[in-house]
Every structure is written in structure tokens, then in C-alpha cells.
Amino acid sequence: MASSPQKTLPPEGETGYIHIGDVTTEAGATIPDVTVAFERWGRLNEDGSNVIVLEHALTGDAHASGPVTDDHPTAGWWNGIIGSGRALDTDRYLIICTNVLGGCQGTTGPSSPHPEDGKPWGSRFPAISVRDIVTAERAALRELGITHLQAVIGGSLGGARALEWSLMYPNDVGRALVMCVGARASAWQIGIQSAQIQFIESDPEWHGGDYYELGTAPVRGLGFARRIAHLTYRGELELDDRFGASAQPGENPLGAMRGEGRFQVESYLDHQAEKLACRFDAGSYVTLTDALNRHDIGRGRGGMNDALAASIVPTLIVGVDTDILYPIHQQEHLARNLGNCLGLETITSAVGHDGFLTEFERVDSIVRGFVEGIGAWGLGLRDWA
């Protein structure tokens, strides 16, 4: 270790900031004076060997554990998994969660001040890839003196980051837990995600991405994007069980004129759109969604299967059986082809993609087994099909 990280870590559950200098993207752009926001739980041991890094999903942030506060408008996205005696045991491990490059919760992104003039980056912020996000995160950890990870864990966009960690820096990572993602973005994923970007960019308040100083924001476009995205995060069975074709109380969607009322599911999606607009920046949504479109572990590595076969980091794959955004066959493909696969765990849930966030007991069991290195994984999946 270059220094003693414990001296530079913020109190548990509070945001810390690391300045990492310039980041050069995979496509050749330079982002100067990058800051990475992070939170931590637990303490570093003497030899620095007990660090577990958590990777959040698209609209998540570094607040993986903790209550709603003035600084945190939402509760921790993995509450109950992190803490003393929990699956991610803070008596044994230092848990770190960073906010992604391009985000809007403390890490440099489109809404951050540009170092040249102090105005928001806006349209000047370059396109980034999942690899660029991992590059920035690794630089931040090294600024803290952390050079080795006991494990890296993530789902969805976080799963793509965990997978890239294992391929980009295999000597830095002890093991990886990759949840609800594939080896690359499929045509369907690119299509549905590009449509979300177009909703935002078609909003008159978008102004080419330079809306920050105008006193307005493309909230309507962001809301449309969120409605479509949320339908891919949840399962068809769950939504139908919750709402069916029922009308929103006090409204009549079957009136003489269309638009006189809403179905319950419409009201639910409206609520999800409003919640996101209150806490998330449209510019970051566009940037990170585009990064997901660029996700392809085979790029520059001889293709997907060659890249997976060359992986040396012990990796556990997890999928949700009703996931329509990253269908289970994508996790089966990862498990069949990874060079050092610990196995494939399936979460059975009506919820769909968000099952890795909502199915607490099953996820807790998987994470505990992964961290402890127990379970029926050790032989790998070379004969699994």
C-alpha cells in the first residue's frame, strides 16, 4: 500500500471524495480533474486484503446502505446486506461503493463544473464506456492506497463493471460476483435503451444537453424514458398481479374520450418517473445509458467467447428467471464460457430484472455463500449446459 487508507476514509455511510486527475477514455477523449464520490462501511485490515467493492446499477449511487437523510433522498439500495454479521460483514470487510464516472451524485459527470470555466460540462462531456468507469474507479481506489480487492460485486450496470474489472485487472481482483447482465449489449437492449435516449433528447428543454443554466430540465423526456425502462426492470407477472387492468381510483380510463383517466399501472409508472426526476440528472441518464449500449467484453479481445475463456478470476454468475432486460440465457452464456466460473445461481422471482434488489432472502444467501466461498460451485461449469 502506498499509504494508510484508514486515515483518508470518511465516516461510515458518509460521502467521501477522491481527486484522481485526468481520465482518458477508451475512445481517446480526455476528462480533466475527475472527482470520484464514494461511501464505505467497515474498516481496512493491516495488510489491506479485506476490501470488497460494490458496483451500483444505472440510477443508483454510492449510498448502498443507510437510511434516508437530508444528504440521501433514498435509502441504501442494498440495505440489510451490509453490516455487522450480515452477508457483507463489516466486522470482517471494508465495503466500498463508488459513484460512477458520468454520474450525478458527486462523481464528475455532465452536471459537474468544467475546470476551464466552472460552468456545467453539459454537451462537452464525452461519451464513456463501462471500461472508462472501471478505469476511474481503479484510479480512485489507488489514491486511497488500495491495490487489491477481495471481491467485486455488482448487478446490471454494476454487473457489467464487475465483469470488466475481472477482465481488465485480473491481478487486482480475488473473485467477482456478476449479476443480471450479459457479455455485451444485445440488439434488443440497444434498441430499447436508444429509444430512452431519444425521448430525453427530443424534449424541448434538452437544449443539446446544455440546459443546466437555463432554469429548466428535460423532465418530461426523462419521465418517458423512465417509464419504458421501468417496464423492463419489472416482470410482466408481477405488474399484472399488482395492477391488472384496474382503473386508478377516482379515474376512468374507459370514458367516452381517450385520456380522461388512467389505469393503475399508468399511475404507478407516472410515480416512478416523478421520483427519478427529483433525484437524477437527465444528462447522466443519457451518458450512462449510452455506456450500457457500448458494453461488449469482446471488443478488442477477439470476441466474446475468447474474452470469457481467457478470464482467470473466479466468477459467480447470477440471473433472475423472469428478467426481460438481461434474460437468463445471457447469464447461462457467461457461465458456459467463462474460464474460471464458480457457477450459475438463479433467482426465481416474479419481479424480473430488479429481483437482485428485491428478493432479499435469496440474494442474501447467494452473497453469503460467495463471500464465504461455500456452496456447490467449486468444480466450475465446463460440463454444465
Side-chain angles (χ1 to χ4, degrees), residues 56-63 68 72-77 99-100 102-105 107 109-111 122 125 128 155-160 180-181 185-186 188-209 211-212 216-236 238-240 242-243 248 251 253 259 262-295 320 322-326 351-358:
H56 66 74
L58 175 65
T59 60
D61 53 36
H63 192 54
V68 174
H72 300 292
T74 59
W77 52 268
N99 184 223
V100 291
C104 56
Q105 304 293 337
T107 296
S111 60
F125 197 82
I128 59 173
S156 196
L157 171 58
C180 302
V181 77
S186 69
W188 188 87
Q189 288 155 359
I190 293 171
I192 200 75
Q193 289 163 177
S194 295
Q196 295 170 43
I197 291 173
Q198 290 171 16
F199 272 127
I200 295 171
E201 293 182 338
S202 297
D203 189 317
E205 304 298 343
W206 173 246
H207 296 288
Y211 56 86
Y212 296 98
T216 60
V219 173
R220 183 175 175 83
L222 179 61
F224 287 144
R226 182 61 166 185
R227 289 174 178 87
I228 297 300
H230 202 75
L231 288 172
T232 71
Y233 301 157
R234 312 301 284 207
E236 184 268 342
E238 186 228 7
L239 289 177
D240 196 58
R242 289 176 65 183
F243 305 115
Q248 178 70 2
E251 301 184 29
R262 298 171 298 172
F263 291 98
Q264 282 187 7
V265 69
E266 291 181 273
S267 175
Y268 168 73
L269 293 173
D270 288 346
H271 175 64
Q272 295 299 322
E274 291 166 4
K275 280 196 341 183
L276 185 69
C278 289
R279 68 175 181 85
F280 209 81
D281 172 51
S284 284
Y285 194 97
V286 167
T287 296
L288 298 178
T289 301
D290 181 65
L292 278 172
N293 283 350
R294 295 169 181 242
H295 171 55
V320 180
T322 55
D323 191 340
I324 62 172
L325 180 58
Y326 290 98
V351 170
H353 182 67
D354 276 356
F356 78 95
L357 297 170
T358 64

Write down the atom of [X], the atom of [Y], and the distance for their closest heavy-atom approach.
X: S284; Y: G102; answer: OG-O, 2.8 Å
X: Y211; Y: E205; answer: CB-O, 3.2 Å
X: R227; Y: A273; answer: NH1-CB, 3.7 Å
X: A185; Y: N293; answer: CB-O, 3.6 Å
X: W206; Y: P218; answer: CE3-CG, 3.8 Å
X: D323; Y: C180; answer: OD2-CB, 3.9 Å

Would a 4.5 Å heavy-atom cut-off, applied to side chains only, mark [X] and [Y] as touching?
X: Y212; Y: P110; result: yes
X: L276; Y: L222; result: yes
X: Q272; Y: Y233; result: no
X: V286; Y: E201; result: yes
X: F263; Y: L269; result: no
X: L288; Y: I128; result: yes

Look at the side chain of [X] and the backbone N and O of [Y], then say whether any donor-acceptor pair between them is shorter than 3.5 Å.
X: H56; Y: H63; result: no
X: R279; Y: T59; result: yes
X: D61; Y: Q105; result: no

Tell me whether the count of non-hydrogen atoms from other residues, nucleotides or ligands lying under 6.0 Å of CZ in R262 goes above 12.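 Count over threshold, so yes.
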Separation of [Y] [atom2] from [X] [atom1] (nearest 0.5 Å):
X: I200; Y: R226; atom1: CD1; atom2: CZ; answer: 11.0 Å
X: D354; Y: H230; atom1: CG; atom2: NE2; answer: 6.5 Å
X: Y268; Y: L231; atom1: OH; atom2: CG; answer: 9.0 Å

One pair to check against side chain to side chain donor-acceptor pair (under 3.5 Å): T289 and Q196. What are the steps and the verdict? CA-CA 8 Å; T289 301; Q196 295 170 43; 4.8 Å; no
Mind running side chain to side chain contact (heavy atoms under 4.5 Å, CB included) on R234 and T358 for me, showing each step along the way? CA-CA 11 Å; R234 312 301 284 207; T358 64; 4.2 Å; yes
Check the orientation of F280 and Y285. Use parallel for under 30°, tilted for 30 to 60°, and perpendicular for over 60°. perpendicular
May I ask you to decide if the ring planes of F224 and F199 are parallel, tilted or perpendicular, using 30° and 60° as cut-offs? tilted
So if I apply the side-chain contact (heavy atoms from CB on, under 4.5 Å) rule between Q189 and each of L325, L292, V181, which one comes out positive? L325
Quick one: do the H353 and T232 side chains pair a donor with an acceptor below 3.5 Å? no
